[in-house]
Amino acid sequence: MASEDLRATRIEKLDQLRSIGMNPFAYQWKSTHSMADLQAKYGDLPNGEENDVDVAVAGRIMTRRVFGKLAFFTLQDETGTIQLYLDKNRIQEFMSDRFPEAFANLKQLTDMGDIIGAKGTLKRTDKGELSVYVKEFEMLTKSLLPLPDKFHGLTDITTRYRQRYIDLIVNPEVRETFRRRALITASIRRYLDRDGFIEIETPTLTSEAGGADARPFVTYHNTMDMELYLRIATELHLKRLVVGGFEKVFELGRIFRNEGISTRHNPEFTSIEVYQAYADYNDMMALTETLITTAATEVLGTTEITYQETPINLTSPWKRITMHDAVKDATGVDFAALTDLNEAIAAAKAAGIHNIDDCPSIGKLVNEAFEQKVETTLIQPTFITDYPVEISPLAKPHRSKPGLTERFELFIVGRETANSFSELTDPLDQRERLEAQAARKAAGDLEAQGVDEDFITALEYGMPPTGGLGIGIDRLVMVLTDAPSIRDVIAFPLLKPEKNEDQTPE
RNA sequence: GGGUCGCUAGCUCAGCGGUAGAGCAUUCGGCUUUUAACCGACUGGUCCUGAGUUCGAAUCUCAGGCGACCCA
């Protein structure tokens with residue numbers, strides 16, 4: 001039957017429900033238990049036995065198995081499912097004063113997808129299924145559209161993302177992923193809160209997009225008559241707060257970058273940035289380990305997990321290796337020993353590094369070699385430390401290694417998952433570095449940063465030595481929920497709208 | 001940006017140049033222990049869109065749309 005006919009049939013049932021005095025869109029229902037509560041509390045009720053404790057449940061009808069004078073429904077709520085045992089004699093006994101044909105109404109006017117409430121006692125059937133032995137039922141919300149195939153479910157990836165609500169209804173593991181995501185962010189916030197950090201919200205609309213190398217989204221404020229940029233990082237505002245005297249601050253929130261979409265990139269994603277005064281990047285490494293292992297332990301109960309069939313051991317301490325050493329191990333080239341750019345490029349080419357002909361510095365070259373030869377091999381959690389200054393405009397120079405900064409990135413399953421520095425606190429050095437960025441920007445580099453004058457001014461008032469840390473929440477959640485695509489951990493990922501042929505051009 | 005693959009009933013899929021198909025769902029009938037219930041009958045289509053080739057196109061070609069994956 002065509003889609004429109006299926007809907008029309010259900011609208012007809014809507015009218016019939018009203019005509020017998022049953023509101024198809026009820027106002028309220030009070031359950032005594034969730035499905036998980038019942039399954040846990042009465043897990044030991046023997047087959048074929050019942051009790052006389054009255055319970056009330058509510059949920060969506062997921063399957064219906066209807067006989068002449070008996071029916072079994074599977075009812076699903078957020079926590080799980082329970083079977084309804086619907087016996088004609090019992091329902092008529094308790095409902096016929098208000099609904100003379102209650103059992104017939106149940107058979108004729110309910111469908112898969114409807115949300116109903118039921119009251120009754122508990123009974124485990126002869127076949128072993130814990131069930132609510134229903135005395136009374138009530139329609140709470142009549143569903144007008146059919147759910148996907150009860151056996152095959154919904155697999156069409158486009159529908160799953162475009163109509164996530166259907167995906168959530170029929171795929172319990174999807175609900176579990178988003179539940180875990182919430183538990184992970186709650187765990188991180190709880191840890192930081194207990195450790196004395198406070199969360200402060202900084203602007204999403206900014207006049208200068210800084211704190212990272214990325215193309216911003218541009219928008220427009222009408223009454224101020226000016227362009228604004230959606231933030232690409234929370235870094236520069238959180239540092240202003242450290243200048244202002246907050247010694248432990250963080251923000252967990254949405255970031256926007258006007259870049260491509262892939263299994264690892266969504267234009268809007270979530271990061272947490274944490275800043276701790278009087279700390280350095282070594283302290284941040286310890287904090288990173290603690291935050292992630294705490295979340296894994298609290299949410300999954302273990303730090304030994306599996307990602308896409310690969311065992312991942314999150315138990316700290318994690319491996320630490322400098323970028324130069326990692327590149328040397330992978331390519332045999334010790335870029336730290338090279339001082340001439342042309343020699344370095346030749347050595348890199350000999351090691352199989354591509355697209356480096358116009359590389360402007362050895363620092364960039366090392367990073368390119370790292371991205372091409374090392375990054376995807378870092379499966380187990382690994383801190384890569386001491387990045388070249390050329391690619392780290394906001395990090396403090398290394399206290400003992402010229403040309404490098406006190407910076408690390410964390411890699412898990414070959415993906416950058418966190419980024420951290422001993423923050424650059426010298427305002428004069430910071431200005432030089434941002435002006436170099438601005439020169440690149442002026443030369444056409446769309447990802448280069450501009451000079452945020454007010455941020456420099458803030459630094460001139462003096463920022464204490466500070467450790468900063470950013471973690472990509474989506475990528476962390478992917479690892480902890482075994483999700484192959486970032487879209488699997490974002491409830492409503494960005495998709496192009498489907499073309500509407502009916503729309504007339506203006 | 002380049003490549004490969006996909007789009008057929010509400011859902012899951014088959015069909016790959018000769019009448020548009022199956023299972024589930026829906027509708028109708030039967031059934032008081034089902035778990036993808038079962039038995040019987042029926043219904044349901046812009047084969048993503050457009051153009052072309054052909055006696056004939058879901059099928060072949062071209063263009064476009066949306067999506068997935070891989071590469072840069």
Side-chain angles (χ1 to χ4, degrees), chain A residues 1-13 16 39 46-50 61-76 80-93 103-104 106-114 123-134 142-164 166-167 169-171 259-266 308 352-357 368 371-372 375-376 414 446 483-488 493-503:
Chain A
M1 189 178 289
S3 164
E4 267 309 300
D5 296 334
L6 292 168
R7 182 167 171 273
T9 301
R10 292 198 177 195
I11 287 178
E12 173 63 24
K13 291 177 180 179
Q16 291 176 33
Q39 299 287 3
N47 284 9
E49 294 201 10
E50 45 184 293
I61 301 171
M62 298 306 289
T63 61
R64 302 169 79 238
R65 293 175 292 279
V66 180
F67 299 78
K69 295 169 182 166
L70 180 69
F72 300 94
F73 288 3
T74 303
L75 208 61
Q76 170 178 284
T81 62
I82 197 155
Q83 177 168 271
L84 301 185
Y85 182 107
L86 300 143
D87 173 20
K88 178 175 181 180
N89 289 336
R90 186 169 167 99
I91 283 171
Q92 291 300 130
E93 179 188 345
F103 190 75
L106 177 80
K107 289 210 294 183
Q108 290 164 6
L109 303 181
T110 65
D111 289 289
M112 271 175 63
D114 291 352
K123 172 187 177 79
R124 190 177 295 278
T125 63
D126 297 341
K127 300 287 168 61
E129 189 73 35
L130 185 65
S131 308
V132 174
Y133 189 15
V134 177
K142 183 68 190 167
S143 166
L144 300 184
L145 296 172
L147 288 180
D149 190 295
K150 66 185 171 193
F151 181 56
H152 298 98
L154 179 69
T155 62
D156 181 76
I157 199 78
T158 307
T159 309
R160 287 190 49 219
Y161 293 149
R162 285 191 197 282
Q163 295 181 279
R164 180 72 87 180
I166 305 177
D167 193 26
I169 290 168
V170 302
N171 293 322
E259 295 168 352
I261 296 178
S262 77
T263 50
R264 294 170 296 283
H265 300 86
N266 195 63
Q308 301 294 295
I353 318 297
H354 309 292
N355 299 324
I356 48 175
D357 286 327
E368 196 62 39
E371 288 183 357
Q372 288 186 29
E375 193 167 324
T376 56
L446 296 167
S485 168
I486 196 170
R487 297 185 195 85
D488 295 323
L494 186 66
L495 296 173
K496 281 192 183 182
E498 285 177 300
K499 203 175 182 182
N500 188 344
E501 301 281 352
D502 296 337
Q503 279 185 346

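For clarity, every value in this text was computed on a predicted model and none was experimentally measured.
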A:I353 backbone acceptor or donor facing A:E368 side chain under 3.5 Å: no
Please determine, for the side chain of A:P148, which listed nucleotide (B:C11, B:U26, B:G10) has the closest atom?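 The listed nucleotide nearest to A:P148's side chain is B:C11.
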Protein-to-nucleotide contact annotation, 5' to 3' order, nucleotides 67-72 of chain B [B base; S sugar-phosphate only; - none; under 4.0 Å, heavy atom]: SSS--S
Is A:K123 touching bases, backbone alone, or none of the nucleic acid, heavy atoms closer than 4.0 Å?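 Base: the residue A:K123, judged by heavy atoms under 4.0 Å, touches a nucleobase.
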Determine the contact category for A:V66: base if any of its heavy atoms lies under 4.0 Å from a base atom, sugar-phosphate if only primed atoms, P, OP1 or OP2 are that close, otherwise nothing.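 Base contact.
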Are the side chains of [X] and [Y] in touch, meaning some heavy atoms are under 4.5 Å apart?
X	Y	value
A:P46	A:R124	no
A:F73	A:V66	yes
A:K88	A:L106	no
A:S131	A:E50	no
A:L145	A:R7	yes

Roughly how many Å apart are [M] and [N], using the [atom1] atom of each and rounding to a whole number?
N	M	atom1	value
B:A58	B:G50	C1'	15 Å
B:A68	B:U53	C1'	30 Å
B:U46	B:U8	C1'	11 Å
B:G18	B:U54	C1'	12 Å
B:C31	B:G67	C1'	45 Å
B:A57	B:G52	C1'	11 Å
B:G45	B:U49	P	15 Å
B:G15	B:A20	C1'	9 Å

Tell me the partner of B:G6, counting only Watson-Crick (N1-N3 plus N6-O4 or O6-N4) or G-U wobble (N1-O2 and O6-N3) with both under 3.5 Å; none if nothing fits. B:C66
In the structure shown, which nucleotide is the Watson-Crick or G-U wobble counterpart of B:G52, with both distances under 3.5 Å?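 Paired with B:G52, as far as the under-3.5 Å criterion goes, is B:C60.
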Take atom [atom1] of [X] and atom [atom2] of [N], then tell me their distance rounded to the nearest Å.
X	N	atom1	atom2	value
A:E12	B:U43	CD	P	21 Å
A:H354	B:G2	NE2	P	21 Å
A:R64	B:U27	CZ	P	8 Å

Please enumerate all protein N or O atoms sitting under 3.5 Å from an N or O of nucleotides 12-14 of chain B, with distances to 0.1 Å.
unit_1	atom_1	unit_2	atom_2	d
B:U12	OP1	A:T155	N	3.2
B:U12	OP1	A:D156	N	3.0
B:U12	O3'	A:T155	OG1	3.4

Salt bridge (charged side-chain N to carboxylate O under 4.0 Å, His left out) partner of A:D167, chosen from A:R487, A:R162, A:R160: A:R160
Which heavy atom of A:Y133 sits nearest a heavy atom of A:D87, and at what distance? OH-OD2, 3.4 Å
Hey, is A:K142 close enough to A:D111 for a salt bridge, meaning N to O under 4.0 Å?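 Salt bridge between A:K142 and A:D111, a charged N being under 4.0 Å from a carboxylate O: yes.
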Going by modelled atom types, is there a donor-acceptor pair between the base of B:U32 and the side chain of A:N89 at under 3.5 Å? yes
